[in-house]
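Step one of this worksheet: look at the structure below.
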Amino acid sequence: MMKNFYEKVYDIVAQIPKGTVTTYGCIAMRLGNIRLSRLVGNALHANIDPVNIPCHRVVNREGKLAPMYVFGGIDAQKERLENEGVVVDGDKVDLKKYLWR
DNA sequence: GCCATGGCTAGTA
DNA sequence: GCCATGGCTAGTA
C-alpha cells in the first residue's frame, strides 16, 4: 500500500542532515510537485514526533523560521538550530550556507 | 474551509 | 500583497 502523503514528508525530513536546513518547496519537489509545498507545512504542523522528525530543520524559501512551530515557536526552533551550529539571524537563516538539497 | 508556501502581478516613484 | 493549490481536520447535523 502506498504511504500517505504525511508519512512521505516525514521520511524526507528525517533525512535532513544535522546542521543543515531545507525548505517546504524542496521537500515538495522531492515528492514530485512544487505545489504540494503548503501541504508540507501542514504535515509538519501535525508532527508529533520531534525526536525522530527534525522539523526544526525546515524553513520557508526565504530562510525564515516558523512562527507557529509546534514545540515552542520561533525561539525553540532557533535554539535547536543553533545547538547544531546553524547561525540564525533574527528569524531567518542564510539558505546559501545551510540549504540541503 | 484551513494552511509552518511560493510565485507572480499591479501600482507607485 | 494577492491567490492557486490540494490533502486533511474540526465541527456540525
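Within every chain, numbering begins at 1; the chains are lettered A, B, ... in the order of the sequence lines, protein sequences first and strands thereafter. Just so we're clear, the structure is a prediction, and the values are computed from it rather than from any experiment.
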>> For A:Asn60 and A:Asn42, find the nucleotide of DNA chain B closest to each by heavy atoms; which residue's nucleotide sits nearer the 5' end?
In response: A:Asn42

> Could you walk me through whether A:Val9 and A:Leu39 pass the side chain to side chain contact (heavy atoms under 4.5 Å, CB included) check?
Replying inline: CA-CA 9 Å; A:Val9 171; A:Leu39 302 187; over 6 Å; no

>> Tell me whether the count of non-hydrogen atoms from other residues, nucleotides or ligands lying under 6.0 Å of CG in A:Asn52 goes above 12.
In response: yes

>> Whole angstroms only, please: what is the NE2-P distance between A:His45 and B:dG1?
In response: 19 Å

> What integer number of Å spans the C1' atoms of B:dT9 and C:dG6?
Replying inline: 23 Å

>> I'd like to know if A:Phe5 and A:Ile16 are part of one continuous hydrophobic network [Ile/Leu/Val/Met/Phe/Trp/Tyr, side-chain heavy atoms within less than 4.5 Å].
In response: yes

> Should stems be defined as at least three consecutive Watson-Crick or G-U pairs with both distances under 3.5 angstrom, which of them involve DNA chain B?
Replying inline: B:1-3 with C:6-8, B:5-8 with C:1-4

> Yes or no on side chain to side chain contact (heavy atoms under 4.5 Å, CB included) for A:Thr22 and A:Ile27, after CA distance, side-chain angles and deciding distance?
Replying inline: CA-CA 7 Å; A:Thr22 194; A:Ile27 293 173; 3.9 Å; yes

Protein-nucleic acid N or O pairs under 3.5 Å, nucleotides 3-5 of chain C:
residue : atom : partner : partner atom : Å
C:dA4   : N6   : A:Arg38 : NH1          : 2.8

> What do the steps show when you test A:Val93 against A:Val87 for side chain to side chain contact (heavy atoms under 4.5 Å, CB included), and what is the final call?
Replying inline: CA-CA 6 Å; A:Val93 304; A:Val87 174; over 6 Å; no

> With rounding to whole Å, what would you report as the distance between B:dC3 and C:dT12 at their P atoms?
Replying inline: 15 Å

>> Would you compute the distance between atom CZ of A:Arg101 and atom OG1 of A:Thr23 and round it to the nearest 0.5 angstrom?
In response: 11.5 Å

>> By the definition side chain to side chain contact (heavy atoms under 4.5 Å, CB included), identify the one residue from A:Gln15, A:Glu84, A:Arg80 that meets it with A:Arg57.
In response: A:Glu84

> Just by distance, do the side chain of A:Asp49 and the backbone of A:Ile53 share a donor-acceptor pair under 3.5 Å?
Replying inline: no

>> Determine whether A:Leu44 and A:Tyr69 satisfy the following criterion, side chain to side chain contact (heavy atoms under 4.5 Å, CB included), listing intermediate values before the conclusion.
In response: CA-CA 9 Å; A:Leu44 297 188; A:Tyr69 181 71; over 6 Å; no

>> Please classify the nucleic acid contact of A:Leu36 as base, sugar-phosphate, or nothing, using heavy-atom distances under 4.0 Å.
In response: sugar-phosphate

Below 3.5 Å between N/O atoms, which protein atoms pair up with nucleotides 7-9 of chain B? Just atom names and distances, please.
residue : atom : partner : partner atom : Å
B:dG7   : OP2  : A:Arg61 : NH1          : 2.9

>> Say we look at C:dG7 and B:dC8: how far apart would their C1' atoms be, to the nearest angstrom?
In response: 24 Å

> Is there a donor-acceptor pair under 3.5 Å between the side chain of A:Asn4 and the backbone N or O of A:Glu7?
Replying inline: yes

>> When you group the ILVMFWY residues by side-chain heavy-atom contacts below 4.5 Å and let the links chain together, are A:Met29 and A:Val58 in the same group?
In response: no

